[in-house]
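Quick notes on the structure that follows.
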Amino acid sequence: MSRQWWAALVFVAALALLPLGASDYLLSALTLVFIAALVGIAWNLMMGFAGQLSLGHALYFGVGAYTVAILAERYGVTPWIGMGIAFAAGAAIALLIGALGFRFAVRGVYFALLTIAFAEFGRIVFEHWSFVGGTGGFYLKALSATNVPLISLRGGARFNYYALLVTLTFAWWLSVAVVRSAIGYRWRAIRDDEDAARALGVPAFRLKLLAVALSGGLTAIAGGWSGLIGGSLFPDSVLGMRLSIDFIVAPIVGGIGTLFGPILGAFIVVPLNEWSRELAQAAGINGLNLLIYGVLLMAVIIVAPQGGWPWIARRLGLVERVPCRPGEQARNGVAIAASDSTTGDTHGQTSGRTQGQTPSRAQGQTSDRATQ
Amino acid sequence: MSAILQLKGVTRRYSGLVAVSDVSFDIEQGSITALIGPNGAGKTTTFGMIAGAISPSAGSIHYEGVRIDGVAPERLCAMGIARTFQIVRPLQGMSVIDNVMIGALNRTSNLKIARSNALDLLDRVGLGTKAFEMASNLTLPDRKLLETAKALATGPKLLMLDEVMAGLRPAEADRVMDVLSAVRAEGVTILLIEHVMRVVMAIAQHVIVLNHGELIARGTPSAIVTHPRVIESYLGTKAIHP
Amino acid sequence: MTGKHPSLRSDRRRLMKWAGASAALGSLSFPALVRAQSGPLKVGVILPLSGVLSFPGIATRRGTELAVKMFAEQGVTLDVTYADYESKPENGRVVAERLIRDGCTILIGAWDSGATISAAQACEAAKVPLVVNVGSARQITEQGFTQVFRNFSPSDDIVAHGVQRFKEILRPGFEPKTAVVLHVNDTFGQATSGAVKALWEKSGMGIRIVDMISYDARARDLSVEVAKAKASGADLVAPITRVNDAILIVREMVKQDYNPMAIYGPSSPGPYEKAFTDAMGKYANDYLVSVPWYDASRALTKRVLDRWSKAYPDGRFELNSGFGWESIQVVADAFQRAKSNRSADLHEALRQTHINDHIMAGGPIVFDGKGQNPNIGIPLLQVQNQEPVVVGPKDAAQAAVKLPMTRWSERA
Amino acid sequence: MNELYVGALINGLLIGAVYALIATGLNLIFGVMRVVNFAHGEMVVIGMYMGYGLWRLTGWPPIATIPFALIGLFAMGYGFQRWIGNAFVARPQHVQFVLYIGLALVITGVHAVIFGPDPMGIQSAASFDVYRVAGLRIDATRLHAALAACVLIALLWAWLRFSLTGKALHAAADNLLGARAIGIRTNHIFALAMGMGAACAGAAGALLAPLYDTQPYLASEFTLLAFIIVIVGGLASLPGALLGGVLVGVAEAFAAVVIEPSAKSLFSYGLLIIVLVLMPQGLLGGRQGAGR
């Protein structure tokens, strides 16, 4: 197994053992990190690999949350099925927006504005829709004494922690599998230059729709979990613009276009947000958390626009098999920061290779064919 | 031999300016045809229309008997039409081998096969040693070679090359010409736009000449070079000898 | 995958070592799990101290702080921590969890109905009792929460009482036939407007609701809403608002010179608050509202009013500060009877609460099976020369009700 | 009943003019630099606090704040662009997003820390007076705000059209490379565009101060509103911004009357979706389509 799989295994194992000694509050705080990481991975599939910038992911999150909660509360549908339906709902809405946008070649910042418009449109519809409780909110009943977490998917902090850890690990594995498959390669071609990719036979329209649908579906599942754990849903809190913005910050701080970036970003951004909120609360200064969060955001994007993970990965020699290159102005105005390539470092000089010398395979099972 | 590609009265207007007007010609299966003409003659626009990037204002294009004008580029590629871009468009965020693999994935979804095909092609065009470089690191000539390799990787029946020899050193140009001849021997039809007359004369069996968007002459290279209208369009009055 | 690395087995030692380290890290917060057996009672108070609901939130906090001081003088020491959810209902749960983590074994909250329910979810999970100071939505006691004890009336009770009071003031010259309801579009607004819609038409008040207009809780300009109300031509305007919206609505009614027979807020915060009467001045007068209120005739209430005017000379003692005070009274009473600060003991004590001598109108404070106090009295108030006074029921009235409403243009 | 609709139309038109001023500012920034200024709404709120602050200190009506707002915001915009913004003009769009989202959070945070989160309204006697015209009552403060907005837009439009620097700004908007080729100092031009854009937003804020209670968290609504107007009106076309502003103002007023007041931005977002998909160059933006 390559170093990446080892690092991933140790990371997940450590998280799995953590609850042995951690307090409930630490577990519920980490559960929030997992939810943010889950959405980060979903958003990153669409942005980091297929190059489609979405600023309305709260729409899928909210739809997922309401779907699972209403099915469980009003129709007694177990969340096991609820999550599947939520995935389908999120994917379907994402497909609608994607098809509309791609069919009419809405690209770059205009596509981002299209996603914002749909998300805000959805939020306002939910705020005036009595079936979902409107702004009055939708509430799950308290857990009865006979509640079985594995059936109702609702339990204490420990259950939520493990449930989210399992979901996150699955989503992470799925994203790795997809990105390293033919689909992932072709996504990156679309991301770098859609027209050139199409000339090479890449069915851009269909593949972009796949990315958008997968991203929407996974985000809906994260929403479903958030609804079950939170117990009370408000349109502004699960569908609001502030949420859509929070979702993109973690992957960008972590490093988009990489496989571990969104997770690292979530581990940085969510505790930071919570810490600054508590600091503001303790100091009694309202809005201090916004100030700290804003300053840090600007600092990160000015200092390390490729995000934290590429920088760290190089130090740990965990450079990902997915060869990508730090952000440059790509043709359609959306370029991607990405981790370092297999051999060269970020600034283009090939590392210690002279003409004619067979390329040294740094690591990992790249092609076994030796060149002449 | 049947004609693999037919253009019938193909025209392209840009709000008043006629870039290509009423061009018709056939391309024989398995031949190497060169499309030449002074700058602004409409060569790249014609190319773009065949490759599906530009939709013609009038006329029709047929490939293997099927009408293809207006068909999306990716479907044309699946049908076997591969093209390179005059202004090279490497996939910046990816390595050289990944660039070629994207083309190879047009024929197979198995990554291993795609990777080995890509490496073979890179060797044939002489980029084997730079397989794991980032595409954005390459020099312009290398990027031209990459364009050719990517187009070949899609397993085309009709290969369209837009000035792939421009900027190549003679040794590299010869290598590419050997590759094209070998590919033609494997049954691939080649249509190339080229200014380097040495290449046109060496490998082209047919030559089509465009000027101001009109087809002014076609025939074997030796006939074209002495054709009065061609000379006049290129050099005005003075005749040139090979 | 041909692993170039040592096989998994020999690595188990390394993994276990790593796990041990993380357990040690985690145990740092272990002691918090062990609940303190005795000692002072840590009480968490959840209120909207910033954002659009900060006026009532701060008024409630002042009442709470006054009660803590007064009960401390009687030897009942409470260690109170205040937490602000920034008027965002969804923050209710996070804030409650943080207070529980800090060791609070009983919570009071949360003024906004949505935030109260969110906090209740956290309290239910942690088995920590929640005393509701203000919060009228029915769902607070209908969601099967076992930890909730609400010392405030649900909206249908308030509206029902309001209907009785309104019938008492009907007289020749003041018989409104039509009404328009202007309500804020949040948990409280929907619960109350729903109750109004259900009860008014069936209750023999002879009033038909011609229009229900909802507006965004964050609204900053209600000119269209008031224009719609005016266009409905209703005799009676029934606003269900927060204090900021109440100000915006009355301001627009003056601008548009919309003079209904009366403005009557069934269970609507705003008109009795100092922020409203200061901002509106003469335009605040004649505003009718039916909400739970303090009973000025009681000795205890007089003592509290006296201490309040010394502590906050510029403040006004009203619903928020009153129920803030009583929430501490309920907790102090339970703590004394339970003689322990463990949540389970406090929960048991709260279930047997029976307080006769308290400051708000109505019978003794008790909690039924669902944790609701059914004995809260709800008088009718009217703003007269910029001060809220009780004008109904007859026996509790401090002044005669002035009807119909003076036209805006004729106000001194 | 028609008084309701006519009243809504008038209110929509008047507030639309102020919206147009906000959008004009964004049009400049977005038009010239293709930079997505996600902090535009925050700049409006800076103007609002200036209007409120001046009224509290001196009792002057907020319209008197306009010169201060213009100069203050211009300085802030120009300074920010020269110091940080210019480095990001060539960067990928998602990186720009994060920069301006960070800036927006910082401004909102500063407002909340200094002024506190509570809404601060201007309750002056003037906020009650009304013009009665043919049975219709037109809110005085709203009318003054709309007139001031139109004057400012006209001034800006004239300056862009006739002054040399204005033409340079136009050139940079049309073709950046071309502009650089003929020696236009784009760094200065960008900073100018950001400065002017911020000034427009600030002035609009000063005009809005008496109409809406000022609080830090209003900002995101103004940002999205500005984007809707710029896209609907058409990129880099000032008359487009005016038309877009009025259109959105009226659309919101009618949505409030027809559906629910709290659903008034439903129409605006619907309009944005339709325009983005069907008419990418916007109603009046003739030039290069949306991101083709």
Side-chain angles (χ1 to χ4, degrees), chain A residues 49 51 180-186 188-207 257 322-331 335-338 340-344 346 348-350 353-362 366-372, chain B residues 48 51-53 72-85 88-112 114-116 118-120 122-123 127-137 147 150-151 153-156 160:
Chain A
F49 293 104
R180 289 193 175 162
S181 71
I183 292 171
Y185 273 85
R186 300 176 110 180
R188 275 181 284 118
I190 295 170
R191 174 197 66 196
D192 282 355
D193 184 341
E194 185 166 337
D195 294 329
R198 288 176 68 189
L200 290 168
V202 172
F205 183 74
R206 260 195 336 205
L207 284 174
V322 175
C324 305
R325 227 186 102 61
E328 257 182 33
Q329 185 62 24
R331 200 153 310 287
I336 298 321
D340 165 53
S341 73
T342 41
T343 49
T346 57
Q349 304 89 342
T350 51
R353 284 172 24 72
T354 54
Q355 194 59 24
Q357 177 210 7
T358 51
S360 60
R361 297 288 189 280
T366 49
S367 151
D368 41 32
R369 258 182 52 64
T371 56
Q372 80 265 60
Chain B
E74 60 264 25
R75 287 220 17 256
L76 291 179
C77 186
M79 294 159 73
I81 301 177
R83 52 126 0 138
T84 64
F85 290 91
V88 284
R89 296 178 76 160
L91 297 172
Q92 304 274 6
M94 301 167 82
S95 66
V96 167
I97 186 167
D98 286 347
N99 267 265
V100 180
M101 272 172 68
I102 297 294
L105 286 171
N106 187 39
R107 284 285 165 249
T108 162
S109 59
N110 178 317
L111 286 182
K112 286 254 177 310
R115 187 169 294 119
S116 61
L119 268 172
D120 296 343
L122 284 172
D123 294 338
L127 280 176
T129 57
K130 295 186 174 120
F132 300 99
E133 295 289 328
M134 289 312 295
S136 46
N137 284 357
E147 284 278 319
K150 277 160 55 174
T154 62
M160 298 165 58

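Not one N or O on the side chain of A:R188 forms a donor-acceptor pair closer than 3.5 Å with the backbone of A:F49. The backbone N or O of B:F85 sits less than 3.5 Å from a side-chain atom of B:E147, completing a donor-acceptor pair.
With respect to chain B, the highest number of heavy-atom pairs below 4.5 Å among A:L200, A:V202, A:I183 belongs to A:L200. Most heavy-atom pairs under 4.5 Å with chain A, from the set B:L111, B:T154, B:N106: that is B:L111.
Residue B:M101 touches chain A through its side chain alone, counting heavy-atom pairs closer than 4.5 Å. Within the 4.5 angstrom heavy-atom criterion, atoms from both the backbone and the side chain of B:L91 approach chain A.
In this structure, CG in A:L207 is found 11.5 Å from CZ in A:R198, a value given to the nearest 0.5 Å.
For the pair B:M160/B:I81, a side-chain contact is recorded, criterion being any heavy-atom separation below 4.5 Å from C-beta on.
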